[in-house]
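This report refers to the structure that appears directly beneath it.
Reckoned from all heavy atoms, side chains included, excluding hydrogens, waters and symmetry mates.
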Amino acid sequence: QLDFYFSHSADVLCLTGEGPGNYVASGYSAYEEENEHLQEGLRAKVSALKHLSIDIGTEVKYQNKMLEEMDSDFDSTGGLLGATIGRVKQLSRGSQTKLLCYMLLFCLFVFIVLYWFIRLR
């Protein structure tokens, strides 16, 4: 004999042979199917997030490497500029002030000629 009853603990309609413990057919399998479908969707989203986070990590490592290279380049350039400025200061302190003035006037002349050349082009 088959009986129908509503199980309040699982909120499903059950079809049983002897009582609540023996399920023959129920709405529970529909919920189970829906849960499995939702689990697959979550798995796909988690997998996509995993790949995205791995890609972000790779990009961060690459960017850090580039920043370290730029830092070393700036350090070497700063050292070169510091040495050059030291030499210019030494030139200005010595008796070669006249030579320094000629050099600055020559640089100014070259910049003016380049400006006119570019402007007339």
Side-chain angles (χ1 to χ4, degrees):
Q1 166 179 346
L2 295 175
D3 294 325
F4 292 99
Y5 73 93
F6 186 75
S7 171
H8 292 288
S9 62
D11 289 336
V12 293
L13 180 64
C14 300
L15 175 68
T16 65
E18 296 180 7
N22 301 325
Y23 294 112
V24 174
S26 70
Y28 183 73
S29 64
Y31 286 124
E32 211 174 90
E33 269 185 44
E34 184 180 353
N35 280 342
E36 287 176 7
H37 177 69
L38 292 173
Q39 278 180 339
E40 288 300 318
L42 282 175
R43 277 191 197 110
K45 289 177 183 178
V46 167
S47 176
L49 284 173
K50 177 183 175 185
H51 292 299
L52 182 64
S53 65
I54 289 171
D55 290 343
I56 288 172
T58 303
E59 183 66 23
V60 165
K61 287 177 186 176
Y62 174 73
Q63 295 291 332
N64 281 339
K65 182 182 173 189
M66 269 186 29
L67 285 174
E68 288 173 1
E69 290 173 0
M70 284 178 58
D71 186 43
S72 66
D73 289 345
F74 282 131
D75 284 344
S76 64
T77 303
L80 180 66
L81 285 176
T84 303
I85 290 174
R87 289 182 190 138
V88 169
K89 284 182 181 179
Q90 186 179 10
L91 280 175
S92 66
R93 287 186 195 138
S95 62
Q96 300 173 350
T97 315
K98 197 175 192 182
L99 179 63
L100 182 63
C101 288
Y102 287 140
M103 188 172 63
L104 287 175
L105 288 173
F106 176 74
C107 289
L108 183 64
F109 174 74
V110 168
F111 284 127
I112 291 172
V113 169
L114 286 174
Y115 174 75
W116 280 340
F117 181 72
I118 291 172
R119 188 171 178 208
L120 294 176
R121 206 172 188 210

Looking at Q63, I'd like to know if its CD atom is crowded, meaning that more than 12 non-hydrogen atoms belonging to other residues, nucleotides or ligands lie closer than 6.0 Å.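 Above 12, so yes.
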[atom1]-[atom2] distance between [X] and [Y], expressed to the nearest 0.5 angstrom:
X    : Y    : atom1 : atom2 : value
M66  : D73  : CE    : CG    : 11.0 Å
Y102 : L105 : OH    : CG    : 8.5 Å
E33  : L38  : CD    : CG    : 11.5 Å

Contacts of type salt bridge (charged side-chain N to carboxylate O under 4.0 Å, His left out), residue E36, not counting sequence neighbours: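 Per chain and number, E36 pairs via salt bridge (charged side-chain N to carboxylate O under 4.0 Å, His left out) with no residue.
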Per-pair distances, 0.1 Å, donor-acceptor, side chain in residues 43-54, under 3.5 Å, sequence neighbours excluded:
| unit_1 | atom_1 | unit_2 | atom_2 | d |
| --- | --- | --- | --- | --- |
| R43 | NH1 | E40 | OE2 | 2.5 |
| S53 | OG | L49 | O | 3.2 |
| S53 | OG | K50 | O | 2.8 |

Please examine the side chains of I112 and W116, heavy atoms only from C-beta on, and report whether any two atoms are closer than 4.5 Å.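 With C-beta onward as the side chain, the pair touches.
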Tell me, do K65 and E69 make a side-chain contact under 4.5 Å, heavy atoms counted?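 Yes. Closest side-chain heavy atoms under 4.5 Å.
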Mind running side chain to side chain contact (heavy atoms under 4.5 Å, CB included) on L114 and V110 for me, showing each step along the way? CA-CA 6 Å; L114 286 174; V110 168; 4.0 Å; yes
